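Comments concern the structure below.
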Amino acid sequence: MEVSNSCSSFSSSSVDSTKPSPSESSVNLSLSLTFPSTSPQREARQDWPPIKSRLRDTLKGRRLLRRGDDTSLFVKVYMEGVPIGRKLDLCAFSGYESLLENLSHMFDTSIICGNRDRKHHVLTYEDKDGDWMMVGDIPWEYESYISTCSLTCSFIISDLNRCFCFSMFLETVRRLKITRPERY
Amino acid sequence: MNYFPDEVIEHVFDFVTSHKDRNAISLVCKSWYKIERYSRQKVFIGNCYAINPERLLRRFPCLKSLTLKGKPHFADFNLVPHEWGGFVLPWIEALARSRVGLEELRLKRMVVTDESLELLSRSFVNFKSLVLVSCEGFTTDGLASIAANCRHLRDLDLQENEIDDHRGQWLSCFPDTCTTLVTLNFACLEGETNLVALERLVARSPNLKSLKLNRAVPLDALARLMVCAPQIVDLGVGSYENDPDSESYLKLKAAIKKCTLLRSLSGFLEAAPHCLSAFHPICHNLTSLNLSYAAEIHGSHLIKLIQHCKKLQRLWILDSIGDKGLEVVASTCKELQELRVFPSDLLGGGNTAVTEEGLVAISAGCPKLHSILYFCQQMTNAALVTVAKNCPNFIRFRLCILEPNKPDHVTSQPLDEGFGAIVKACKSLRRLSLSGLLTDQVFLYIGMYANQLEMLSIAFAGDTDKGMLYVLNGCKKMKKLEIRDSPFGDTALLADVSKYETMRSLWMSSCEVTLSGCKRLAQKAPWLNVEIINENDNNRMEENGHEGRQKVDKLYLYRTVVGTRMDAPPFVWIL
């Protein structure tokens, strides 16, 4: 039952492949294995620890929200036109806002999501289907806390659909790309 | 006493309310037995298969309140298949056929259907109180019949049930004339709630003391509800997501201040932690706080809240509070009697949220503590010895170290001595759950010292049959023994068959018990139901001799006066 902690730094430059870690994402479909729940080592038993189903379900639902522990989801981030990318642990962020803040800092430019804008870089991502999408349309996580936000970094306020039929950003993202303003 | 007329004796008996005492009275002599049975209004049946409704009604024809329990305790942890049994319908049908004036029904771990709820609602004019705990099999349609037909409904208390929510209008089925509600708890419903109907219902229920909402009741509705019901004593908050500057939040703050009778708080199923401060003004009155579902609230916010709760007697919390948080509890909550600390990390990711230090701090700081359930990552014998010294008054002591077979993390020894200290010091101990690395030695201690022990839960413990034998021979008051993943086998099972007549039930799963052992037991004890639960079709139990050595996956045996039950599903084999 011992599980080793994966590395906790949330960004690193990648010229060539970094040290492999259990939850590292890569270009191929191994991304699905970075989701802690599906890794056989960490799959939870249904009958241990001895807690009631209701509590078990509640805890499963919030698994993604834990902070400062060994959940991590490393994805590659490229700035369009720059051949060398960075690596980012998406689990270190609480939502789109902090992601954008961090990226803007990392690439030293202003980055937004959602709006087409002549001035700002726009953040896009490749999802598990291989399509390039605008970041911000879908909820960040399963039990995402809804909030309004400022205009420089708008993301869509979506309804907490209790049927949970959205796919969440963290589940579907494979890698990020920061596009140049002129493209849009 | 026999010189008094029956009515006088009966009047004396009215003052005797506990089930144990009334059972004792009925054994004194024939005349007392007769008087007692006609005056008994409340009956508790710990195992619904130990007796049948016909015999119950023959003995207690004036029954008004019935408590029934169905599935064994380990059903809570997915160890018992859903279709195993515990159906309430035959009971309700029998009660309806007799003309008993049923007023209260309390069910735990039973299968309830909409049909049974409908029948219940139509059959008993004075029905007042329905409490369902960990039940399943019904939908909100069943609730609608209860709401619509029970004219004098006082309590509708749904605790942790699996209810199929048809998102119907069950709340609006309460007629406008219904003003008698005292308890309304629907926190376990997953679907949407008709907020208008709910508010109207609360507004016309001046006696409402306990209101527990589900996650579909948002903040602004909560504010309005609290304005309607300032007399509330027990509140379960549903969804608590909100914006601290919004008008709703300000209204809520104002409403909360007026709830001066509020003593118990729970829920916070989805919570914005920084808004917990709205409750700070009433915290000094709280005696009970249940934040075990508030997975969003992190340690520091919990601590801020608890610092205001000086009168707390009962606290249920997640281990995200940490040892530091428990130290705050220990220094603040001097009246604490019951503490439950649940795990917040199911994968055991090495996050040492609470350890033996938190437990020791609590034991040192809370002199009135008598019940504890503690999930933790690690434990030491030294800590348990200290806890035993600090708190010799434990009635319930349940420790769950998350990793099975984990030894004392400092000395690498088994935890025999630590638990031994607990049972030796706590002379009133009635319930005990063990965990960690344990040998037969701990059972020797339990058999020797745990004289009042009624319920014992064992998992991944012991070395040989001797362990189980120590318990069976030593614990004279044992009622419920449940064992999983431990190396106890036929020798222990068969050593003293008459012991099981003094117990309610025995559960053994993933142990060393064999089919032939169980068969021999069933033969020796015809007054026992010996059930083999075997879900795996590939392992079908054979009748042949040599197959008898096959190990039984799940064994559940219980005493009964009505023989084999007729409603067992195919995968349950009653020997």
Side-chain angles (χ1 to χ4, degrees), chain A residues 1-8 21-23 35-72 91 94-95 139 141-149 157-164, chain B residues 73-80 134 136 159-162 165 167 187-188 190-192 215-216 218 239 241 243 269-272 292-296 298 318 320 342-351 353 373 375 398 400-406 433 435 457 459-460 482 484-485 509-510:
Chain A
M1 302 263 281
E2 293 289 310
V3 177
S4 57
N5 291 333
S6 50
C7 81
S8 57
S21 75
S23 50
F35 211 62
S37 61
T38 58
S39 153
Q41 216 183 359
R42 305 187 59 180
E43 202 157 299
R45 293 180 67 152
Q46 288 305 302
D47 59 14
W48 190 265
I51 58 176
K52 294 191 178 159
S53 311
R54 192 152 286 275
L55 179 59
R56 195 180 296 277
D57 293 341
T58 305
L59 296 178
K60 270 195 214 158
R62 71 172 285 264
R63 227 201 317 247
L64 296 166
L65 286 172
R66 281 174 312 157
R67 212 69 73 237
D69 63 5
D70 43 13
T71 317
S72 58
C91 282
S94 54
E141 284 181 309
Y142 186 67
E143 304 239 0
S144 201
Y145 179 71
I146 311 285
S147 66
T148 54
C149 58
I157 300 157
S158 47
D159 195 13
L160 240 195
N161 185 329
R162 313 242 176 238
C163 294
F164 311 121
Chain B
H73 175 238
F74 275 175
D76 283 350
F77 317 131
N78 299 318
L79 283 171
V80 177
S134 303
E136 55 172 356
Q159 298 177 28
E160 299 179 318
N161 302 288
E162 301 277 336
D165 196 329
R167 292 154 206 254
C188 59
E190 292 294 327
E192 280 146 29
R215 62 176 75 235
S239 168
E241 292 190 317
D243 173 3
L269 305 167
E270 278 148 24
S292 56
Y293 288 104
E296 319 289 313
H298 294 290
L318 290 171
S320 44
F342 294 96
S344 59
D345 179 355
L346 297 183
L347 299 174
N351 207 12
L373 169 60
F375 285 84
R398 296 197 277 164
C400 182
I401 302 164
L402 290 167
E403 191 186 315
N405 293 316
K406 192 165 183 180
S433 298
S435 58
S457 308
F460 305 99
E482 47 185 27
R484 60 168 290 183
D485 296 277
S509 60
S510 306

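Numbers restart at 1 for each chain; the letters A, B, ... are given by sequence-line order, proteins then strands. All values derive from a computational prediction rather than experimental measurement.
Using a 4.5 Å cut-off between heavy atoms, B/N161 touches chain A through its backbone atoms (N, CA, C, O) alone. Interface residue B/I401: only backbone heavy atoms are found under 4.5 Å from chain A.
Atom-to-atom distance recorded for B/S509:OG and A/D47:CG is 8.0 Å, nearest 0.5 angstrom. Atom-to-atom distance recorded for B/F342:CZ and A/L55:CG is 6.5 Å, nearest 0.5 angstrom.
Listed by chain and residue number, A/K52, B/H73, B/R109, B/S134 satisfy the side chain to side chain contact (heavy atoms under 4.5 Å, CB included) test with B/D76 (two or more places apart in sequence, or in another chain).
With respect to chain A, the highest number of heavy-atom pairs below 4.5 Å among B/A459, B/S292, B/C188, B/S433 belongs to B/C188.
Residues B/Y293 and A/T58 share a closest heavy-atom pair of CD2-OG1, 3.6 Å. Between A/P50 and B/F375, the closest heavy-atom pair is O-CZ, 3.3 Å. Nearest heavy-atom pair, A/L59 versus B/P343, reported as atom, atom and distance to 0.1 Å: CD1-O, 3.0 Å.
A/S53 has its side chain out of reach of B/E160: every pair of non-hydrogen atoms, C-beta onward, lies at least 4.5 Å apart.
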Candidate pair A/W48 and B/R484, rule side chain to side chain contact (heavy atoms under 4.5 Å, CB included), full reasoning | CA-CA 11 Å; A/W48 190 265; B/R484 60 168 290 183; 3.7 Å; yes
